[in-house]
Amino acid sequence: MQKWEYATVPLLVHATKQILDSWGEDGWELVTVVPGPNAENLVAYLKRPRGEAGQ
């Protein structure tokens, strides 16, 4: 059975692509983005199979 690990990442509106590209390079897949605590922030939820890079 596939096992997953998850990460919650704060995103700055002006640097969203750079932040997501960085996490993507480490094998993380974006699941969803939701509003953060204020208009300048978003929160990204990411996942990757256990055993990928960084383990």
Side-chain angles (χ1 to χ4, degrees):
M1 174 173 34
Q2 177 66 60
K3 296 191 180 203
W4 300 92
E5 64 178 318
Y6 298 90
T8 304
V9 180
L11 298 174
L12 300 174
V13 173
H14 65 275
T16 302
K17 181 182 180 337
Q18 295 88 342
I19 295 167
L20 292 175
D21 282 349
S22 176
W23 281 82
E25 296 247 342
D26 288 334
W28 292 94
E29 178 182 356
L30 179 64
V31 175
T32 192
V33 175
V34 298
N38 61 53
E40 289 298 311
N41 295 97
L42 300 169
V43 177
Y45 290 85
L46 303 111
K47 71 175 185 177
R48 71 177 173 188
R50 280 197 183 161
E52 291 286 317
Q55 286 278 322

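Predicted model only: the values in this text are computed from it and were never measured.
Cluster note: Met1 groups with no other residue, as no ILVMFWY side-chain heavy atom lies under 4.5 Å from it. Grouped by direct or indirect side-chain proximity (heavy atoms under 4.5 Å, Ile/Leu/Val/Met/Phe/Trp/Tyr only), Tyr6 sits with Trp4.
Residues Tyr45 and Val33 are members of separate hydrophobic clusters, defined by side-chain heavy-atom contacts under 4.5 angstrom among Ile, Leu, Val, Met, Phe, Trp and Tyr. Under the 4.5 Å side-chain heavy-atom criterion for grouping Ile, Leu, Val, Met, Phe, Trp and Tyr, Val31 is not connected to Val9 through any hydrophobic cluster.
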May I have the list of side-chain donor-acceptor pairs in residues 10-21 shorter than 3.5 Å, sequence neighbours left out?
residue	atom	partner	partner atom	Å
Thr16	OG1	Leu12	O	3.1
Thr16	OG1	Val13	O	3.3
Lys17	NZ	Asp21	OD2	2.4

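Taking 4.0 Å as the cut-off between side-chain N and carboxylate O, Glu29 and Arg48 do not count as a salt-bridged pair.
The minimum heavy-atom distance between Pro49 and Glu5, with the atom names listed, is O-OE2, 4.3 Å.
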